[in-house]
2 protein chains.
Amino acid sequence: MQLLLCVDQMLNQTRASFTREPADMRRQALIEAAAACLAERGVAGTSVRTICARAGVSPGLLRHYFAGVDALIAETYREVTRHVSETFEAAVAAAGESPRARLIAYVTASFRPPITDPSLLATWLAFWSLVKTDADIALIHGETYRAYRDDLEALLAACGMPQASAGPVAIALTALVDGLWLELSLDPTTFTPDQASAMAVRWLDTLLERPAFG
Amino acid sequence: MQLLLCVDQMLNQTRASFTREPADMRRQALIEAAAACLAERGVAGTSVRTICARAGVSPGLLRHYFAGVDALIAETYREVTRHVSETFEAAVAAAGESPRARLIAYVTASFRPPITDPSLLATWLAFWSLVKTDADIALIHGETYRAYRDDLEALLAACGMPQASAGPVAIALTALVDGLWLELSLDPTTFTPDQASAMAVRWLDTLLERPAFG
DNA sequence: CTCCTTGTTATACGATCGTATAACAAGGTG
DNA sequence: CACCTTGTTATACGATCGTATAACAAGGAG
(Lines give C-alpha, C1' and ligand atoms only; values in the text may rest on other atoms or scores of the structure.)
Protein backbone atom coordinates (compact mmCIF):
# COMPACT_ATOMS: atom_id res chain seq x y z
CA MET A 1 0.00 0.00 0.00
CA GLN A 2 2.21 2.77 -1.23
CA LEU A 3 -0.79 4.77 -2.27
CA LEU A 4 0.15 7.76 -0.18
CA LEU A 5 3.35 8.20 -2.13
CA CYS A 6 1.40 8.43 -5.35
CA VAL A 7 -1.06 10.80 -3.75
CA ASP A 8 1.79 13.04 -2.62
CA GLN A 9 3.03 13.25 -6.13
CA MET A 10 -0.42 13.85 -7.54
CA LEU A 11 -0.84 16.76 -5.15
CA ASN A 12 2.48 18.07 -6.44
CA GLN A 13 4.13 17.93 -3.01
CA THR A 14 7.91 17.76 -3.26
CA ARG A 15 10.54 15.87 -1.30
CA ALA A 16 13.18 17.52 0.80
CA SER A 17 16.27 18.21 -1.21
CA PHE A 18 19.54 16.68 -0.11
CA THR A 19 23.19 16.42 -1.04
CA ARG A 20 25.25 13.28 -1.34
CA GLU A 21 28.13 13.27 1.09
CA PRO A 22 31.20 11.02 1.18
CA ALA A 23 30.67 7.96 3.32
CA ASP A 24 33.31 8.99 5.84
CA MET A 25 31.64 12.32 6.49
CA ARG A 26 28.21 10.81 6.91
CA ARG A 27 29.49 8.20 9.34
CA GLN A 28 31.35 10.83 11.29
CA ALA A 29 28.31 13.11 11.40
CA LEU A 30 26.15 10.29 12.72
CA ILE A 31 28.74 9.39 15.36
CA GLU A 32 28.95 12.98 16.52
CA ALA A 33 25.17 13.28 16.55
CA ALA A 34 24.94 10.15 18.69
CA ALA A 35 27.49 11.53 21.15
CA ALA A 36 25.63 14.84 21.29
CA CYS A 37 22.29 13.14 21.94
CA LEU A 38 23.74 11.00 24.71
CA ALA A 39 25.38 14.03 26.29
CA GLU A 40 22.37 16.33 26.06
CA ARG A 41 19.43 14.00 26.58
CA GLY A 42 20.87 10.93 28.23
CA VAL A 43 20.46 7.37 27.16
CA ALA A 44 16.66 7.53 27.44
CA GLY A 45 16.50 10.39 24.94
CA THR A 46 18.80 8.80 22.38
CA SER A 47 17.00 6.95 19.59
CA VAL A 48 17.38 6.42 15.89
CA ARG A 49 15.09 9.32 15.21
CA THR A 50 16.71 11.80 17.62
CA ILE A 51 20.19 10.91 16.39
CA CYS A 52 19.27 11.32 12.74
CA ALA A 53 17.37 14.54 13.39
CA ARG A 54 20.44 15.88 15.12
CA ALA A 55 22.59 14.87 12.16
CA GLY A 56 20.11 16.47 9.78
CA VAL A 57 19.29 13.29 7.87
CA SER A 58 16.28 11.06 7.63
CA PRO A 59 15.94 8.17 10.10
CA GLY A 60 16.37 5.49 7.49
CA LEU A 61 19.88 6.60 6.65
CA LEU A 62 21.31 5.27 9.87
CA ARG A 63 20.99 1.72 8.72
CA HIS A 64 22.62 2.53 5.42
CA TYR A 65 25.88 3.19 7.26
CA PHE A 66 25.57 1.04 10.39
CA ALA A 67 24.17 -2.39 11.13
CA GLY A 68 21.81 -0.83 13.65
CA VAL A 69 21.62 1.69 16.39
CA ASP A 70 23.63 -0.55 18.75
CA ALA A 71 26.50 -0.66 16.29
CA LEU A 72 26.44 3.12 16.03
CA ILE A 73 26.56 3.45 19.80
CA ALA A 74 29.55 1.11 19.95
CA GLU A 75 31.29 3.14 17.26
CA THR A 76 30.53 6.29 19.23
CA TYR A 77 32.13 4.71 22.28
CA ARG A 78 35.27 4.09 20.25
CA GLU A 79 35.27 7.66 19.00
CA VAL A 80 34.75 9.27 22.41
CA THR A 81 37.42 7.01 23.88
CA ARG A 82 39.84 8.00 21.15
CA HIS A 83 39.18 11.68 21.78
CA VAL A 84 39.73 11.30 25.51
CA SER A 85 42.99 9.43 25.16
CA GLU A 86 44.25 12.01 22.67
CA THR A 87 43.50 14.69 25.25
CA PHE A 88 45.54 12.81 27.83
CA GLU A 89 48.45 12.35 25.47
CA ALA A 90 48.41 16.03 24.56
CA ALA A 91 48.53 16.94 28.25
CA VAL A 92 51.58 14.72 28.72
CA ALA A 93 53.30 16.16 25.68
CA ALA A 94 52.73 19.69 26.99
CA ALA A 95 54.16 18.82 30.40
CA GLY A 96 57.79 18.85 29.31
CA GLU A 97 60.52 16.37 30.14
CA SER A 98 60.23 15.77 33.86
CA PRO A 99 58.82 12.24 34.43
CA ARG A 100 56.89 13.33 37.51
CA ALA A 101 55.39 16.33 35.72
CA ARG A 102 54.33 14.11 32.83
CA LEU A 103 52.71 11.64 35.22
CA ILE A 104 50.89 14.40 37.05
CA ALA A 105 49.71 15.89 33.77
CA TYR A 106 48.30 12.53 32.68
CA VAL A 107 46.45 11.94 35.93
CA THR A 108 45.06 15.43 36.48
CA ALA A 109 43.90 15.91 32.90
CA SER A 110 40.70 14.15 33.97
CA PHE A 111 39.79 17.16 36.09
CA ARG A 112 40.10 19.78 33.36
CA PRO A 113 38.04 20.44 30.26
CA PRO A 114 37.08 18.78 28.05
CA ILE A 115 37.06 15.73 30.32
CA THR A 116 35.29 17.44 33.20
CA ASP A 117 32.45 18.43 30.89
CA PRO A 118 29.35 17.35 32.82
CA SER A 119 27.67 16.28 29.60
CA LEU A 120 30.29 13.57 29.23
CA LEU A 121 28.76 11.84 32.25
CA ALA A 122 25.62 10.80 30.39
CA THR A 123 27.71 9.47 27.54
CA TRP A 124 29.90 7.42 29.82
CA LEU A 125 27.02 6.07 31.90
CA ALA A 126 25.29 4.93 28.73
CA PHE A 127 28.36 2.95 27.73
CA TRP A 128 28.84 1.47 31.18
CA SER A 129 25.25 0.32 31.32
CA LEU A 130 25.81 -1.61 28.09
CA VAL A 131 28.98 -3.37 29.24
CA LYS A 132 27.07 -6.24 30.84
CA THR A 133 24.68 -6.84 27.96
CA ASP A 134 26.60 -5.96 24.78
CA ALA A 135 29.69 -8.03 23.99
CA ASP A 136 31.10 -5.41 21.61
CA ILE A 137 30.84 -2.71 24.23
CA ALA A 138 32.44 -4.98 26.82
CA LEU A 139 35.35 -5.57 24.47
CA ILE A 140 35.87 -1.87 23.81
CA HIS A 141 35.62 -1.15 27.53
CA GLY A 142 38.26 -3.71 28.39
CA GLU A 143 40.62 -2.38 25.74
CA THR A 144 40.08 1.21 26.84
CA TYR A 145 40.87 0.60 30.47
CA ARG A 146 43.82 -1.59 29.62
CA ALA A 147 45.26 1.15 27.43
CA TYR A 148 44.81 3.71 30.20
CA ARG A 149 46.55 1.50 32.74
CA ASP A 150 49.32 0.62 30.29
CA ASP A 151 50.01 4.31 29.69
CA LEU A 152 50.02 4.88 33.40
CA GLU A 153 52.43 2.01 34.00
CA ALA A 154 54.84 3.41 31.43
CA LEU A 155 54.75 6.83 33.08
CA LEU A 156 55.25 5.24 36.50
CA ALA A 157 58.22 3.23 35.25
CA ALA A 158 59.74 6.43 33.91
CA CYS A 159 59.54 7.77 37.45
CA GLY A 160 61.63 4.83 38.65
CA MET A 161 58.88 2.59 39.93
CA PRO A 162 59.78 -1.12 39.99
CA GLN A 163 58.11 -3.22 37.34
CA ALA A 164 56.33 -5.44 39.87
CA SER A 165 54.64 -2.51 41.58
CA ALA A 166 53.55 -0.55 38.54
CA GLY A 167 50.54 -2.77 37.76
CA PRO A 168 48.76 -2.59 41.11
CA VAL A 169 49.66 1.07 41.51
CA ALA A 170 48.16 1.86 38.11
CA ILE A 171 44.96 0.12 39.21
CA ALA A 172 44.79 2.11 42.41
CA LEU A 173 45.47 5.42 40.69
CA THR A 174 42.93 4.71 37.97
CA ALA A 175 40.29 3.92 40.56
CA LEU A 176 40.88 7.13 42.50
CA VAL A 177 40.80 9.26 39.36
CA ASP A 178 37.67 7.50 38.14
CA GLY A 179 35.93 7.93 41.46
CA LEU A 180 36.83 11.59 41.74
CA TRP A 181 35.75 12.24 38.16
CA LEU A 182 32.47 10.41 38.67
CA GLU A 183 31.52 12.23 41.85
CA LEU A 184 32.60 15.55 40.40
CA SER A 185 30.38 14.93 37.41
CA LEU A 186 27.41 13.76 39.45
CA ASP A 187 27.53 16.60 41.97
CA PRO A 188 30.01 19.45 41.38
CA THR A 189 29.07 21.21 44.64
CA THR A 190 30.89 18.91 47.04
CA PHE A 191 34.44 19.65 45.95
CA THR A 192 36.33 21.41 43.16
CA PRO A 193 38.43 20.14 40.25
CA ASP A 194 41.51 21.64 41.92
CA GLN A 195 40.82 19.69 45.08
CA ALA A 196 40.43 16.55 43.03
CA SER A 197 43.76 17.17 41.34
CA ALA A 198 45.43 17.74 44.72
CA MET A 199 44.08 14.47 46.06
CA ALA A 200 45.23 12.53 43.03
CA VAL A 201 48.72 14.06 43.21
CA ARG A 202 48.91 13.27 46.89
CA TRP A 203 47.96 9.63 46.30
CA LEU A 204 50.42 9.49 43.42
CA ASP A 205 53.30 10.80 45.50
CA THR A 206 52.48 8.36 48.27
CA LEU A 207 52.58 5.44 45.89
CA LEU A 208 55.81 6.62 44.25
CA GLU A 209 57.41 6.78 47.66
CA ARG A 210 56.23 3.38 48.90
CA PRO A 211 54.65 1.46 46.04
CA ALA A 212 54.00 -1.89 47.75
CA PHE A 213 50.54 -3.01 48.82
CA GLY A 214 49.70 -5.55 51.48
CA MET B 1 -15.69 0.37 22.87
CA GLN B 2 -15.64 -2.09 25.71
CA LEU B 3 -17.27 -4.72 23.58
CA LEU B 4 -14.53 -7.24 24.13
CA LEU B 5 -15.19 -7.28 27.83
CA CYS B 6 -18.79 -8.22 27.20
CA VAL B 7 -17.74 -10.83 24.68
CA ASP B 8 -15.37 -12.35 27.22
CA GLN B 9 -18.19 -12.75 29.65
CA MET B 10 -20.53 -14.13 27.01
CA LEU B 11 -17.96 -16.78 26.19
CA ASN B 12 -17.79 -17.58 29.89
CA GLN B 13 -14.08 -16.74 30.12
CA THR B 14 -13.01 -15.92 33.66
CA ARG B 15 -10.63 -13.36 35.11
CA ALA B 16 -7.49 -14.24 36.95
CA SER B 17 -8.16 -14.62 40.64
CA PHE B 18 -6.27 -12.43 43.06
CA THR B 19 -5.91 -11.66 46.73
CA ARG B 20 -6.01 -8.25 48.35
CA GLU B 21 -2.77 -7.45 50.10
CA PRO B 22 -2.01 -4.72 52.64
CA ALA B 23 -0.74 -1.56 51.01
CA ASP B 24 2.69 -1.83 52.65
CA MET B 25 3.26 -5.31 51.26
CA ARG B 26 2.21 -4.37 47.75
CA ARG B 27 4.44 -1.30 47.73
CA GLN B 28 7.36 -3.33 49.04
CA ALA B 29 6.77 -6.08 46.47
CA LEU B 30 6.77 -3.53 43.65
CA ILE B 31 9.94 -1.90 44.96
CA GLU B 32 11.70 -5.23 45.15
CA ALA B 33 10.47 -6.17 41.69
CA ALA B 34 11.82 -2.89 40.31
CA ALA B 35 15.21 -3.52 41.92
CA ALA B 36 15.27 -7.06 40.54
CA CYS B 37 14.42 -5.89 37.02
CA LEU B 38 17.10 -3.22 37.10
CA ALA B 39 19.66 -5.72 38.37
CA GLU B 40 18.79 -8.50 35.95
CA ARG B 41 17.84 -6.69 32.77
CA GLY B 42 19.34 -3.24 33.13
CA VAL B 43 17.58 0.06 32.74
CA ALA B 44 16.56 -0.72 29.15
CA GLY B 45 14.69 -3.83 30.26
CA THR B 46 12.86 -2.20 33.14
CA SER B 47 9.35 -1.05 32.28
CA VAL B 48 5.97 -0.88 33.94
CA ARG B 49 5.06 -4.21 32.41
CA THR B 50 8.25 -6.06 33.33
CA ILE B 51 8.18 -4.74 36.88
CA CYS B 52 4.57 -5.72 37.43
CA ALA B 53 5.06 -9.12 35.81
CA ARG B 54 7.97 -9.71 38.17
CA ALA B 55 5.79 -8.69 41.12
CA GLY B 56 3.02 -10.95 39.91
CA VAL B 57 0.42 -8.21 39.49
CA SER B 58 -1.24 -6.59 36.52
CA PRO B 59 0.45 -3.54 34.96
CA GLY B 60 -2.28 -1.13 36.00
CA LEU B 61 -1.66 -1.71 39.67
CA LEU B 62 1.61 0.22 39.64
CA ARG B 63 -0.19 3.51 39.35
CA HIS B 64 -2.53 2.59 42.17
CA TYR B 65 0.40 2.73 44.57
CA PHE B 66 2.81 5.14 42.88
CA ALA B 67 2.41 8.35 40.91
CA GLY B 68 4.18 6.72 37.99
CA VAL B 69 7.08 4.54 37.09
CA ASP B 70 9.57 7.35 37.81
CA ALA B 71 8.29 7.66 41.36
CA LEU B 72 8.67 3.92 41.85
CA ILE B 73 12.26 4.06 40.60
CA ALA B 74 13.02 6.89 43.01
CA GLU B 75 11.50 4.88 45.86
CA THR B 76 13.59 1.91 44.80
CA TYR B 77 16.69 4.08 44.95
CA ARG B 78 15.79 5.00 48.53
CA GLU B 79 15.27 1.36 49.42
CA VAL B 80 18.52 0.10 47.87
CA THR B 81 20.41 2.94 49.53
CA ARG B 82 18.89 2.06 52.88
CA HIS B 83 19.88 -1.57 52.48
CA VAL B 84 23.45 -0.66 51.55
CA SER B 85 23.94 1.69 54.48
CA GLU B 86 22.53 -0.91 56.86
CA THR B 87 25.11 -3.35 55.54
CA PHE B 88 27.87 -0.86 56.23
CA GLU B 89 26.64 -0.19 59.74
CA ALA B 90 26.42 -3.89 60.47
CA ALA B 91 30.01 -4.33 59.32
CA VAL B 92 31.13 -1.57 61.69
CA ALA B 93 29.17 -3.05 64.56
CA ALA B 94 30.79 -6.44 63.98
CA ALA B 95 34.28 -4.95 63.94
CA GLY B 96 34.55 -4.47 67.69
CA GLU B 97 35.85 -1.48 69.61
CA SER B 98 39.07 -0.49 67.87
CA PRO B 99 38.50 2.78 65.96
CA ARG B 100 40.84 1.75 63.16
CA ALA B 101 39.20 -1.66 62.79
CA ARG B 102 35.78 0.00 62.63
CA LEU B 103 36.98 2.40 59.96
CA ILE B 104 38.51 -0.40 57.90
CA ALA B 105 35.33 -2.43 58.23
CA TYR B 106 33.25 0.47 56.93
CA VAL B 107 35.52 1.11 53.95
CA THR B 108 36.14 -2.49 52.89
CA ALA B 109 32.51 -3.57 53.21
CA SER B 110 32.08 -2.27 49.68
CA PHE B 111 34.23 -5.12 48.39
CA ARG B 112 32.29 -7.95 49.99
CA PRO B 113 28.83 -9.33 49.33
CA PRO B 114 26.16 -8.14 49.08
CA ILE B 115 27.72 -4.89 47.85
CA THR B 116 30.07 -6.51 45.34
CA ASP B 117 27.10 -8.26 43.72
CA PRO B 118 27.62 -7.50 40.02
CA SER B 119 23.88 -7.13 39.53
CA LEU B 120 23.99 -4.06 41.77
CA LEU B 121 25.94 -2.29 39.04
CA ALA B 122 22.96 -2.03 36.70
CA THR B 123 20.82 -0.70 39.51
CA TRP B 124 23.33 1.96 40.46
CA LEU B 125 24.02 3.02 36.86
CA ALA B 126 20.30 3.46 36.30
CA PHE B 127 20.09 5.81 39.27
CA TRP B 128 23.19 7.75 38.25
CA SER B 129 21.86 8.26 34.76
CA LEU B 130 18.75 9.86 36.24
CA VAL B 131 20.60 12.28 38.54
CA LYS B 132 20.92 14.94 35.85
CA THR B 133 17.32 14.76 34.63
CA ASP B 134 15.22 13.86 37.68
CA ALA B 135 15.20 16.32 40.57
CA ASP B 136 13.95 13.74 43.07
CA ILE B 137 16.75 11.36 42.16
CA ALA B 138 19.30 14.17 42.43
CA LEU B 139 18.04 14.96 45.93
CA ILE B 140 18.25 11.35 47.07
CA HIS B 141 21.71 11.06 45.54
CA GLY B 142 22.99 14.11 47.37
CA GLU B 143 21.58 12.89 50.68
CA THR B 144 23.04 9.43 50.19
CA TYR B 145 26.57 10.59 49.50
CA ARG B 146 26.44 13.14 52.27
CA ALA B 147 25.39 10.46 54.73
CA TYR B 148 28.22 8.19 53.60
CA ARG B 149 30.78 10.96 54.00
CA ASP B 150 29.35 11.99 57.35
CA ASP B 151 29.67 8.45 58.66
CA LEU B 152 33.20 8.33 57.35
CA GLU B 153 34.09 11.63 59.00
CA ALA B 154 32.82 10.38 62.36
CA LEU B 155 34.89 7.20 62.07
CA LEU B 156 37.93 9.25 61.06
CA ALA B 157 37.46 11.59 64.01
CA ALA B 158 37.32 8.55 66.32
CA CYS B 159 40.76 7.62 64.98
CA GLY B 160 42.08 10.99 66.10
CA MET B 161 41.89 12.86 62.82
CA PRO B 162 41.63 16.65 63.19
CA GLN B 163 38.24 18.13 62.41
CA ALA B 164 39.57 20.29 59.57
CA SER B 165 41.05 17.33 57.71
CA ALA B 166 38.20 14.87 58.09
CA GLY B 167 36.08 16.43 55.35
CA PRO B 168 38.57 16.32 52.46
CA VAL B 169 39.89 12.96 53.59
CA ALA B 170 36.36 11.54 53.55
CA ILE B 171 35.96 12.80 49.99
CA ALA B 172 39.22 11.21 48.88
CA LEU B 173 38.42 7.89 50.53
CA THR B 174 34.91 7.81 49.12
CA ALA B 175 36.24 8.42 45.64
CA LEU B 176 38.79 5.64 45.84
CA VAL B 177 36.23 3.17 47.18
CA ASP B 178 33.71 4.20 44.54
CA GLY B 179 36.24 3.88 41.75
CA LEU B 180 37.45 0.49 42.91
CA TRP B 181 33.89 -0.76 43.33
CA LEU B 182 32.91 0.51 39.90
CA GLU B 183 35.82 -1.06 38.07
CA LEU B 184 35.43 -4.29 40.01
CA SER B 185 31.78 -4.41 38.99
CA LEU B 186 32.44 -3.55 35.34
CA ASP B 187 35.29 -6.00 34.86
CA PRO B 188 36.10 -8.43 37.70
CA THR B 189 39.07 -9.93 35.85
CA THR B 190 41.53 -7.07 36.37
CA PHE B 191 41.88 -7.32 40.12
CA THR B 192 40.28 -9.05 43.11
CA PRO B 193 38.12 -7.78 45.95
CA ASP B 194 40.96 -8.53 48.36
CA GLN B 195 43.32 -6.36 46.32
CA ALA B 196 40.74 -3.60 46.34
CA SER B 197 40.48 -3.82 50.12
CA ALA B 198 44.25 -3.70 50.46
CA MET B 199 44.46 -0.57 48.33
CA ALA B 200 41.73 1.16 50.29
CA VAL B 201 43.39 0.29 53.62
CA ARG B 202 46.71 1.54 52.32
CA TRP B 203 45.20 4.86 51.25
CA LEU B 204 43.37 5.08 54.56
CA ASP B 205 46.52 4.53 56.61
CA THR B 206 48.36 7.11 54.53
CA LEU B 207 45.70 9.69 55.17
CA LEU B 208 45.51 8.90 58.88
CA GLU B 209 49.24 9.43 59.14
CA ARG B 210 49.40 12.69 57.17
CA PRO B 211 45.88 13.95 56.55
CA ALA B 212 46.66 17.32 54.94
CA PHE B 213 46.22 17.95 51.20
CA GLY B 214 47.98 20.60 49.14
C1' DC C 1 -27.06 -13.41 53.18
C1' DT C 2 -26.72 -8.81 50.77
C1' DC C 3 -24.63 -4.69 49.89
C1' DC C 4 -20.74 -1.70 49.23
C1' DT C 5 -16.24 -0.30 49.05
C1' DT C 6 -12.13 -0.59 46.62
C1' DG C 7 -8.06 -3.33 45.35
C1' DT C 8 -7.23 -5.55 41.05
C1' DT C 9 -7.61 -6.98 36.29
C1' DA C 10 -8.22 -6.37 31.51
C1' DT C 11 -8.31 -3.62 27.84
C1' DA C 12 -7.85 0.78 25.26
C1' DC C 13 -5.20 4.61 23.61
C1' DG C 14 -1.76 7.51 21.63
C1' DA C 15 3.11 7.93 21.29
C1' DT C 16 7.48 6.21 20.14
C1' DC C 17 10.58 2.55 19.45
C1' DG C 18 13.92 -0.05 15.68
C1' DT C 19 13.65 -1.70 11.34
C1' DA C 20 12.12 -2.65 6.37
C1' DT C 21 11.24 -1.09 1.85
C1' DA C 22 9.57 1.43 -2.15
C1' DA C 23 9.93 5.87 -4.41
C1' DC C 24 12.75 9.47 -5.60
C1' DA C 25 16.58 12.48 -7.01
C1' DA C 26 21.50 13.75 -7.13
C1' DG C 27 25.40 13.51 -9.69
C1' DG C 28 28.64 11.05 -12.39
C1' DT C 29 29.13 8.47 -16.96
C1' DG C 30 28.38 7.59 -21.63
C1' DC D 1 21.40 15.33 -23.25
C1' DA D 2 19.90 10.67 -21.65
C1' DC D 3 20.94 7.01 -18.65
C1' DC D 4 22.16 4.59 -14.48
C1' DT D 5 23.75 3.93 -10.10
C1' DT D 6 22.87 4.59 -5.46
C1' DG D 7 22.64 7.77 -1.55
C1' DT D 8 18.58 9.54 0.55
C1' DT D 9 13.81 10.33 1.77
C1' DA D 10 9.30 9.06 3.05
C1' DT D 11 6.36 5.95 4.66
C1' DA D 12 4.90 1.41 6.55
C1' DC D 13 4.96 -2.08 10.06
C1' DG D 14 4.81 -4.56 14.29
C1' DA D 15 6.25 -4.17 18.96
C1' DT D 16 6.40 -1.89 23.22
C1' DC D 17 6.22 2.14 25.89
C1' DG D 18 3.46 4.81 30.05
C1' DT D 19 -0.91 5.87 31.21
C1' DA D 20 -6.19 5.98 31.53
C1' DT D 21 -10.38 3.76 32.55
C1' DA D 22 -14.21 0.53 32.75
C1' DA D 23 -15.41 -4.03 34.45
C1' DC D 24 -14.92 -7.17 37.91
C1' DA D 25 -14.38 -9.58 42.36
C1' DA D 26 -12.60 -9.96 47.11
C1' DG D 27 -13.73 -9.35 51.61
C1' DG D 28 -15.59 -6.76 55.39
C1' DA D 29 -19.95 -4.26 57.22
C1' DG D 30 -24.62 -4.34 58.14
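In what follows, chains carry the letters A, B, and so on, assigned in the order in which the sequence lines appear, proteins first and then strands, with residues in each chain numbered from 1.
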Given that both distances must come in under 3.5 Å, which nucleotide forms a Watson-Crick or G-U wobble pair with dT11(C)? dA20(D)
Contact list for DNA chain D against residues 27-55 of chain A - heavy-atom distance below 4.0 Å: Arg49(A)
Does the plane of the ring in Tyr145(A) sit parallel, tilted or perpendicular to the ring in His141(A)? Use 30° and 60° as the thresholds. tilted
Quick one: list whatever passes side-chain hydrogen bond (donor to acceptor under 3.5 Å, both in side chains) with Arg26(B), sequence neighbours left out. none
Is there, by distance only and without an angle test, a donor paired with an acceptor across the side chain of Arg20(B) and the base of dA26(D) below 3.5 Å? yes
So, do Ile31(A) and Arg78(A) sit near enough that their side-chain heavy atoms are less than 4.5 Å apart? no
Choosing from dA10(D), dG27(D), dA10(C), which nucleotide comes nearest the side chain of Ala16(A)? dA10(D)
Tell me the partner of dG28(D), counting only Watson-Crick (N1-N3 plus N6-O4 or O6-N4) or G-U wobble (N1-O2 and O6-N3) with both under 3.5 Å; none if nothing fits. dC3(C)
For Thr50(A), all residues meeting side-chain hydrogen bond (donor to acceptor under 3.5 Å, both in side chains), sequence neighbours excluded: Ser47(A)
Within residues 59-70 of chain A, residues whose heavy atoms come under 4.0 Å of DNA chain D: Gly60(A), Leu61(A), His64(A), Tyr65(A)
Whole angstroms only, please: what is the CG-P distance between Asp134(B) and dG18(D)? 14 Å
Please report the distance, rounded to the nearest Å, between CZ in Arg15(B) and P in dA26(D). 11 Å
Between Thr46(A) and Ile51(A), is any pair of side-chain heavy atoms under 4.5 Å apart? yes
Whole-Å gap separating C1' (dT6(D)) and CZ (Phe18(A)): 9 Å
Hey, can you tell me if Phe127(B) and Tyr77(B) have their rings parallel, tilted or perpendicular (30° and 60° cut-offs)? parallel
Can you name the side-chain hydrogen bond (donor to acceptor under 3.5 Å, both in side chains) partners of Glu86(B), sequence neighbours left out? Arg82(B)
Would you please name every residue forming a side-chain contact (heavy atoms from CB on, under 4.5 Å) with Glu143(B), sequence neighbours left out? Leu139(B)
Gap between atoms CD and P, on Glu21(A) and dA26(C) respectively (whole Å): 13 Å
Could you grab the distance from atom OG1 of Thr174(A) to atom CG of Leu182(B), nearest 0.5 Å is fine? 12.0 Å
